[in-house]
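First up is the structure itself, then whatever we jot down about it.
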Amino acid sequence: MNRDNQNPKKNESISNRNSESLPFGSFEDLPDLAKTTHQDDRDLVTFLRQYRPEPPPEPANFEANLIRVIAQEPTPASTVVNNPKKAKRWPRIIGAIAAGVVGAGLGHTFGALTSPSGMGAQFADADSDGNFDSNSGANVGRETELETFLENSWDGAIAQTTSTDTSDSSDFSPFYWDTSGM
Amino acid sequence: MPNSGKVTSEKGEPHMALEMADDLTLIDQCLAGKRSAFAGLYRRYGQRVRSTLYQLCGETGLDDLVQEVFLRAWRGLPKFRRSASFSTWLYRIAWNVAMDRRKKFARDRQREQTVSDPLDATLPDPSQGASGQWSALHYQDVIRKALGTLSDGARSVIVLCDLEDIPQKDVAQILNVPVGTVKSRLFSARAALRKELERQGVEL
């Protein structure tokens, strides 16, 4: 909204100020190009409507023929789609669900391949040639973890085996620790 | 199944009832299978559709085009969304039919020339002492020729806005373009038409 238009005094002063410098007096005397164009358009439209090419009259039996042709057509109501918007909506919903399922499946597979504890952990640090960078910090850390895990597992397995062994071979076992007296 | 006997019996209904009913009532009756209601719609819009098709495509095959428009309208009635007026929807069908025809003509341009040329030669020049009626016929021919020089888009807006006097917002719906596009096309189309008319000796 132009605030200047709402202030007639300001508009008047602008008009007076410019009328002194303009050769044709005031803004009101400016040739109104829009009006000229509008008048040209009006003349053209008047001419077009005055000499509008008229179509040839329709044949006398045209309407009867048309209705006869339409009589051979099925009734429009027999092809009515109850709600076209709903009919269009279903494929979109099914498509969205299918895309969601596929996306979830891909996400799960990708996650399993890239997670440290997953199947693809061994490939996580491989470079483009399939080689491993044994100097990387993460790789060293994982190797340490793996060693610790294997040791603990091994200790546990041996300890279980010896504790359930009925023969008295505990004294000879280097891994057996008698904790009964502790 | 429809049969011609049913139509004959429906034709016996008074025309006044069809003329008094509004478009939507007639459409509902059509959807209910009452074909005479469609005759009411034809009587209401047939001449305007005929005129529009004539301005867009000329005289050749005009009756077939009109029939095609109303056949498409009958088949498409269930899809008619009542957000727009029936006349706008019908004009859109007419415009589509006209554009299909013009594309077909464009594929066989040589044939179009041979069809239109004989008519061009029959009309006299009013400057050669012709009467007022001949003068009017001459100017009609000049306009028809000038329309023929315009592109499909320009011709469409001239015909719909200036000759058929359809509001620009309705024309925008018919052509499926924004109102601003209609205005700009109309501006350039009028300029091109004015230039062509002046070239043919018309002083506006």
Side-chain angles (χ1 to χ4, degrees), chain A residues 1-2 5 27 30-95, chain B residues 1-7 10-11 27 30-36 38-39 42-43 46-47 50-55 58-59 62-63 66-67 70-71 74-81 135-144 147 158 161-163 165 186-187 190-191 193-194 197 202 204:
Chain A
M1 192 82 181
N2 188 358
N5 290 337
F27 274 114
L30 272 169
D32 192 346
L33 291 175
K35 266 187 185 173
T36 310
T37 308
H38 199 68
Q39 185 58 43
D40 287 349
D41 285 349
R42 199 175 296 166
D43 292 344
L44 174 67
V45 173
T46 304
F47 175 77
L48 289 176
R49 288 186 185 160
Q50 187 177 355
Y51 297 110
R52 181 171 179 249
E54 290 298 329
E58 69 174 39
N61 56 350
F62 186 82
E63 184 185 325
N65 283 340
L66 176 66
I67 298 301
R68 197 170 299 132
V69 170
I70 283 180
Q72 294 164 3
E73 292 282 319
T75 309
S78 64
T79 58
V80 167
V81 177
N82 286 334
N83 190 335
K85 282 186 180 176
K86 279 187 181 175
K88 283 181 184 174
R89 203 179 296 158
W90 275 111
R92 290 181 191 169
I93 292 170
I94 292 168
Chain B
M1 283 291 289
N3 57 61
S4 56
K6 188 180 176 185
V7 174
E10 284 177 358
K11 280 178 75 180
I27 289 165
C30 289
L31 291 172
K34 191 175 178 184
R35 288 177 170 77
S36 62
F38 195 73
Y42 172 75
R43 279 179 216 130
Q47 190 54 37
R50 186 177 185 81
S51 173
T52 305
L53 288 170
Y54 175 70
Q55 314 296 350
E59 191 177 345
L62 182 61
D63 293 336
V66 176
Q67 183 168 302
F70 281 93
L71 259 179
W74 171 262
R75 290 171 187 155
L77 273 180
K79 294 176 197 166
F80 170 58
R81 280 184 268 168
S135 175
L137 283 173
H138 170 76
Y139 285 132
Q140 285 181 10
D141 189 52
V142 166
I143 290 174
R144 197 175 59 78
L147 284 174
I158 290 285
C161 295
D162 290 347
L163 290 175
D165 199 16
L186 191 59
F187 179 78
R190 279 173 176 168
L193 186 63
R194 192 180 295 113
L197 289 172
V202 176
L204 295 171

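Residue numbers start from 1 in every chain, and the chains themselves are labelled A, B, ... in the order their sequence lines are given, proteins ahead of strands. All values below come from the heavy atoms of this structure, side chains included, with hydrogens, waters and symmetry mates left out. Here the structure is a predicted model, which is why all the values come from computation and not from measurement.
- When atom types are taken as modelled, the side chain of B/Arg35 and the backbone of A/Ile70 share a donor-acceptor pair closer than 3.5 angstrom.
- Separation of atoms OG1 (A/Thr75) and NZ (B/Lys34) is listed at 14.0 Å; rounding is to 0.5 Å.
- Of the listed residues (A/Asp43, A/Asn65, A/Leu44), the greatest number of heavy-atom pairs within a distance under 4.5 Å of chain B belongs to A/Leu44.
- Minimum heavy-atom separation, B/Ser51 to A/Pro55: CA-CG, 3.8 Å.
- In this structure, the portion of B/Leu77 lying under 4.5 Å from any heavy atom of chain A is its side chain and not its backbone.
- In this structure, chain A has a heavy atom under 4.5 Å from the side chain of B/Ile158, while its backbone stays farther away.
- Checked by atom type and distance alone, the side chain of A/Glu58 never pairs as donor or acceptor with a backbone atom of B/Gln47 at under 3.5 Å.
- Between atom OH of residue B/Tyr42 and atom CD1 of residue A/Ile67 there is a gap of 9.0 Å, rounded to the nearest 0.5 Å.
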Begin with the C-alpha distance, continue with both residues' side-chain angles, and end with the deciding distance and a verdict on side-chain contact (heavy atoms from CB on, under 4.5 Å) for B/Leu197 and A/Phe47.
CA-CA 10 Å; B/Leu197 289 172; A/Phe47 175 77; 4.0 Å; yes

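- With a threshold of 4.5 angstrom between heavy atoms, B/Leu53 does not approach chain A through any atom at all.
- Using a 4.5 Å cut-off between heavy atoms, A/Phe62 touches chain B through its side chain atoms alone.
- Scanning all heavy atoms of the two residues, the minimum distance from B/Glu59 to A/Pro56 falls at CG-CG, 3.7 Å.
- Between B/Arg50 and A/Pro57, the shortest heavy-atom contact is NH2-O, 3.5 Å.
- With values rounded to the nearest 0.5 angstrom, B/Leu193 atom CG is found 5.5 Å from A/Leu48 atom CG.
- In this structure, CD in B/Gln140 is found 6.5 Å from CD in A/Glu54, a value given to the nearest 0.5 Å.
- Checking side-chain atoms of A/Arg52 against main-chain N and O of B/Ile143 turns up no donor-acceptor pair under 3.5 Å.
- The shortest distance between side-chain heavy atoms of A/Asp40 and B/Arg190 does not fall below 4.5 Å.
- Looking at every heavy atom in both residues, B/Gln67 comes nearest to A/Val69 through NE2-CG2, 3.7 Å.
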